[in-house]
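Heads up: the structure comes next, in structure tokens.
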Protein chains: 2
Amino acid sequence: MTLGLQDVPDLGAAPSTSQVVLRHLRAAIVSGDLAEGAPIGQDDVARRFNVSKIPVREALKQLEAEGFVTFLRNRGAVVASLSEPEIAQVFEVRAMLEAQAIKLAVPLMTPEHLARAEAAAAVFAAEPDVSQWAARNWEFHSALYAPAGRDFLMGLIRQINDRVARFLRVQLTVSGGHFHAVTEHHEILSACRQCKAELAATLTHDHIMGACRSLSIHLPRKD
Amino acid sequence: MTLGLQDVPDLGAAPSTSQVVLRHLRAAIVSGDLAEGAPIGQDDVARRFNVSKIPVREALKQLEAEGFVTFLRNRGAVVASLSEPEIAQVFEVRAMLEAQAIKLAVPLMTPEHLARAEAAAAVFAAEPDVSQWAARNWEFHSALYAPAGRDFLMGLIRQINDRVARFLRVQLTVSGGHFHAVTEHHEILSACRQCKAELAATLTHDHIMGACRSLSIHLPRKD
DNA sequence: TTTTAGAATAACGTATACGATCATATCAGC
DNA sequence: GCTGATATGATCGTATACGTTATTCTAAAA
């Protein structure tokens, strides 16, 4: 007999110290707890986690590779910042990738997929906590693309979304961004229901580029 | 007087030890010197570079984040391997991104840009050294996309190309892959000369997906 | 008062060292 | 002779420690 292998806790999956630190730091950056440009002291982080500096440095190096932090020679790491044109470029790529993802997903959507996406849209629309909007938004979007079964593409989209999560947050909060998103989500869902892949792709593309434009209007508080 | 400040070597630009190790290891993986699944001993690498293990581990962590190596708990790092469906997905994203890149680039191409791309194509076509084909191929492709001025997109494309460089190499060497590539490069260039952005995008997309199909035929030597 | 030189302090980058874990080889038992 | 347990060796993961670099504070001179 198989000993109930599905219940066995996966040994060897115990996260290493550097992975724990990595997850926490990334979450703090994505959520905006650590502001753009904020210095991340190694000894400081090490003390907080009660570990040595080595796991902290390893986590920071991974975050550097992911584009979340920038190392300044002999001056430590800071939360990476994006200039306004860089943000625009990221959104452009987002629009491109997510449009393609939904185009691939629509023909493969089952009623269950649609139901999950609709539920996610409802949760996003009804979310009262502003600080949770970005996360709920991602849950909806990922539910839309999941049916495509493109793990690599999904990972890429996820990572790019994380990169601009801080700005997504502000976009959703300014000038009815959340409201606009809700209506556009409904339009996208409608297209999915009718199996109109191209339309869904176009709507998704415009949805994202619209958010980008909204950002470029409200963000440039550059002093 | 300025003491010839233009000749002063820029201190502070001196790469850290971990960066040196990172570059060498990545180059070794991309070039195929380190085979898929090859273990990368930390002490071994540290001895070769005459440094301690810490910079080596930091370099490996960055390579892990970039997808080039995989850490096995308490068993060290190995060169990451891609399954055949994973390769197909990477090529799919490549096709998507590079088609979009050239579509954005064509309207902005100057005669100088075209000349550079044509020169790169000629160098690729005339390259006698098989081991240099992948590098020459990238030089041509990047010359095509550069006019778009999309740094973020270019970086993404570059990284994804590096991920599959090992397979690109085999694709170019099997069954006239290099010859096919040369003729398709000429077709793409021709479309660019005529400012047909959509056509160039389609050709680029097919160029990459064709390589993917060629790979899926010749690669599956899975035992 | 402003500016600059110098020293002290804090943080970073790396080396060395040690406990923990896994692979391999040897040996006892069936 | 083969299976299983144990011991040994090697490697990994992390902590501690040290030299180096940047920053800041102070003091002196313009």
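A, B, ... follow the sequence lines: proteins, then strands. Residue 1 opens every chain. Quantities reported herein were computed from a predicted structural model and do not represent experimental measurements. The basis for the numbers below is simple: all heavy atoms, side chains too, and nothing from hydrogens, waters or symmetry mates.
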When the ring centroid of A/H141 is compared with that of A/H207, is the distance short of 6.0 Å? yes

Annotated protein contacts, base or backbone, on nucleotides 6-20 of chain C with a non-hydrogen cut-off under 4.0 Å, one of B, S, - each: ------BBBBB----

Partner set under side chain to side chain donor-acceptor pair (under 3.5 Å) for A/R136, not counting sequence neighbours: A/E127, A/E139

Rounded to the nearest 0.5 Å, what separation is found between the CD atom of A/Q62 and the CG atom of A/L25? 11.0 Å

Kindly confirm or rule out a cation-pi arrangement of B/K103 over B/Y145, judged by NZ or CZ under 6.0 Å from the six-membered ring centre and within 45° of its axis? no

Going by the rule side chain to side chain donor-acceptor pair (under 3.5 Å), which residues pair with B/S16 if we only count those two or more places apart in sequence or in a different chain? B/S18

